[in-house]
Trainee: 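Below are the structure tokens for one structure; questions will follow.
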Amino acid sequence: MFLPAGSRDLTGRQLVNRVAIYEKFQSVVNLRNYQAIETPVIEYSTTFTNPYAGMTLKKMLKWFDEEGEIEVLRPDWTIAVARALANQQSNQQKWAYAGSVFKKDHAGVESHQAGIEIIRTPGLFGEYESLFTAVRFLRELGLQQYSIELGHTEIFETFISSLKLDEAAASQIRQAMHDKRKDEVYRLVKETGNEETAEAVAALADAFGGTAILDKFAGEWENNSKLLPVIQELQQLAAALEELGQDVIVDLGRVKQLPYYNGAMFRGFLADSGAECFSGGRYDELYEQFGGKMSAVGLAFDMDVLATALPAPEKQERICLLTDEKGLIAAEALRYKYPDAVVDVRTEATAENYDRVYKVVQSGEGYEVVEK
């Protein structure tokens, strides 16, 4: 009744955890020499709905301004940062952000992210740096049990582009592949008249699991000048992560959900819940809409998922000091005797659990502490 649909209040441990995670993220990116960037929470809708970005206006929180232009609450950090950096003359290559995004396809309309963008770097530097930063950040949070999934846009797109499909048909096949509906993928591709390609594309629906899949397809595509380099790229990234002790899985049938991805894609999944805690990849083409042309790789962490998964903090001693209004000064001074404890000053007893409860009572002209 008092909040719009999808809005929510946050209290307690979830909120405390999220604040702690933001602080840890800032520490990690500072030590890796990232520069902070923040974009306006209000942008023009066309920044996100053009053919390069490919987002759907229907899912955005929007309104008309006084000139009739559609404005939206920021639905995506990557696109907003690309707009800001496309014509930036700085030599800075690594950027970090943190804040909310607003879309109607989440459990609520607001979600919280922190992420990195790496631009103008050669080879696979951006992919390595993104993944290594993710590993460092999750370790700093105390999260050890998770998997990193690797995929690549050019595998599925190479097959689809050879079929000369219109966008509607391509989108239908892409969705079937995303849902791992192998039989449906085969049927839709076979309807184009190419049974051999239908079998090859349908096989991608099962091409997920351990890194041994990369070796299998490297053998199958050893004479394919387009796909073999893609497999070799994923092998390099997987080997680097495994050397760091990370669990790596691959999904060669993964499809891009937004048109601006054009290379390696990666996601992180927590072992306990299976929740996706980060996602990202390469998106060089995104910068073209703003007149720029450069390499760009990055990822975003889902701070709400991480806040839920954060290990419980070490238990702190909880102390209650009971006093009257006149004893508040004396009670405040006592806090300094317990610098590592949670000290709660109250004027009356409560059912809340404490490790120790003291009464601060008047004794002559001063106050003394009596354990209750």
Side-chain angles (χ1 to χ4, degrees), residues 93-94 116-136 146-163 173-174 177-178 180 182 185 189 196-269 278-287 293-299:
Q93 294 178 317
K94 300 191 295 185
I116 53 176
E117 309 290 344
I118 303 157
I119 61 175
R120 302 190 185 99
T121 57
L124 294 177
F125 180 93
E127 283 86 348
Y128 283 125
E129 175 61 23
S130 294
L131 291 166
F132 293 168
T133 300
V135 170
R136 175 64 181 272
Y146 64 91
S147 297
I148 296 178
E149 178 196 87
L150 299 177
H152 204 289
T153 64
E154 298 310 297
I155 297 175
F156 179 79
E157 296 300 324
T158 294
F159 285 109
I160 291 300
S161 63
S162 69
L163 300 176
I173 298 173
R174 189 175 287 114
M177 178 61 74
H178 174 73
K180 301 300 183 188
K182 181 177 181 179
V185 171
V189 177
E196 182 179 351
T197 301
E199 292 177 352
V201 177
L204 294 178
D206 293 330
F208 63 91
T211 55
I213 290 172
L214 295 173
D215 298 330
K216 174 179 181 292
F217 279 84
E220 291 186 13
W221 294 340
E222 62 179 343
N223 296 318
N224 190 312
S225 60
K226 283 189 174 182
L227 295 181
L228 182 59
V230 170
I231 292 295
Q232 292 171 335
E233 180 179 312
L234 294 178
Q235 286 177 317
Q236 291 179 59
L237 295 175
L241 289 169
E242 289 180 332
E243 191 169 337
L244 293 176
Q246 298 305 306
D247 179 40
V248 180
I249 55 178
V250 296
D251 183 359
L252 301 187
R254 188 178 169 202
V255 298
K256 56 184 180 181
Q257 298 300 295
L258 290 169
Y260 58 75
Y261 283 101
N262 67 316
M265 299 181 289
F266 25 82
R267 295 187 287 187
F269 294 96
F278 73 79
S279 65
R282 176 171 288 272
Y283 29 83
D284 302 346
E285 297 173 1
L286 181 61
Y287 282 74
K293 190 173 181 62
M294 66 185 77
S295 70
V297 186
L299 58 79

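Only this structure's heavy atoms are used, side chains among them; waters, hydrogens and symmetry mates stay out.
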Trainee: Within the side chain of Ser295, is there an N or O that forms a donor-acceptor pair under 3.5 Å with the backbone of Ile119?
Mentor: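 Flag not set: sc Ser295 to bb Ile119 has no pair under 3.5 Å.
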Trainee: Could you list the residues that satisfy salt bridge (charged side-chain N to carboxylate O under 4.0 Å, His left out) with Lys256, not counting sequence neighbours?
Mentor: none
Trainee: Taking side chain to side chain contact (heavy atoms under 4.5 Å, CB included) as the test, write out the residues that go with Ser279, two or more places apart.
Mentor: Arg267, Glu276
Trainee: Got a sec, which residues hit side chain to side chain contact (heavy atoms under 4.5 Å, CB included) with Ser161, two or more places apart in sequence or on another chain?
Mentor: none
Trainee: Is there side-chain contact between Lys94 and Ile116, with at least one heavy-atom pair below 4.5 Å?
Mentor: no
Trainee: As an exercise, state the distance from CD of Gln257 to OG1 of Thr153, rounded to the nearest 0.5 Å.
Mentor: 12.5 Å
Trainee: So, using salt bridge (charged side-chain N to carboxylate O under 4.0 Å, His left out) as the criterion, who are the partners of Glu157 when residues are at least two apart?
Mentor: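 Arg174.
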Trainee: Which residues satisfy the salt bridge (charged side-chain N to carboxylate O under 4.0 Å, His left out) test with Arg120, sequence neighbours excluded?
Mentor: none
Trainee: Might you work through the side chain to side chain contact (heavy atoms under 4.5 Å, CB included) test for Lys180 and Asp251, ending with a clear yes or no?
Mentor: CA-CA 11 Å; Lys180 301 300 183 188; Asp251 183 359; 2.7 Å; yes
Trainee: Are the side chains of Phe159 and Leu227 in contact, using a 4.5 Å heavy-atom criterion?
Mentor: yes
Trainee: How would you list all residue pairs meeting ring pair (Phe, Tyr, Trp, His ring centres under 6.0 Å) that involve residues 211-243, not counting sequence neighbours?
Mentor: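 For residues 211-243: Phe217-Trp221.
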Trainee: Between atom CD of Glu154 and atom OH of Tyr261, what is the distance when rounded to the nearest 0.5 Å?
Mentor: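 So the gap between those two atoms works out to 14.0 Å.
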Trainee: Identify each donor-acceptor pair in which a side-chain atom of residues 196-214 lies under 3.5 Å from a protein atom, sequence neighbours left out, and give them as a table.
Mentor:
| residue | atom | partner | partner atom | Å |
| --- | --- | --- | --- | --- |
| Thr197 | OG1 | Asn194 | OD1 | 2.9 |
| Thr197 | OG1 | Asn194 | ND2 | 3.0 |
| Asp206 | OD2 | Lys182 | NZ | 2.6 |
| Thr211 | OG1 | Glu242 | OE2 | 3.3 |

Trainee: Can you name the nearest heavy-atom pair linking Ala134 to Leu299, along with the distance?
Mentor: CB-CD2, 4.0 Å
Trainee: Using the test salt bridge (charged side-chain N to carboxylate O under 4.0 Å, His left out), find all partners of Glu127 that sit at least two apart in sequence or belong to another chain.
Mentor: Arg282
Trainee: Using side chain to side chain contact (heavy atoms under 4.5 Å, CB included) as the criterion, list what pairs up with Leu241, not counting sequence neighbours.
Mentor: Leu131, Val135, Ile148, Leu150, Gln246, Val248
Trainee: Distance from Ile155 atom CD1 to Met177 atom CE, nearest 0.5 Å?
Mentor: 10.5 Å
Trainee: For residues Ser130 and Ile118, report the shortest heavy-atom separation together with the two atoms involved.
Mentor: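 Smallest heavy-atom distance, with atoms named: OG-CD1, 3.3 Å.
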Trainee: Name each donor-acceptor pair under 3.5 Å that joins a side chain in residues 230-237 to protein atoms two or more places apart or in another chain, with its distance.
Mentor:
| residue | atom | partner | partner atom | Å |
| --- | --- | --- | --- | --- |
| Glu233 | OE2 | His152 | NE2 | 3.3 |
| Gln235 | NE2 | Asp215 | OD1 | 3.0 |

Trainee: Going by side chain to side chain donor-acceptor pair (under 3.5 Å), name the residues that satisfy it together with Gln93, two or more places apart in sequence or in a different chain.
Mentor: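 Expected list: none.
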Trainee: If you count heavy atoms of other groups shown closer than 6.0 angstrom to NZ of Lys226, is the number above 12?
Mentor: no
Trainee: Looking at residues at least two apart in the chain, or sitting in another chain, which of them share a ring-ring contact (aromatic ring centres under 6.0 Å, His included) with Phe266?
Mentor: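 Phe266 satisfies ring-ring contact (aromatic ring centres under 6.0 Å, His included) with no residue once adjacent residues are dropped.
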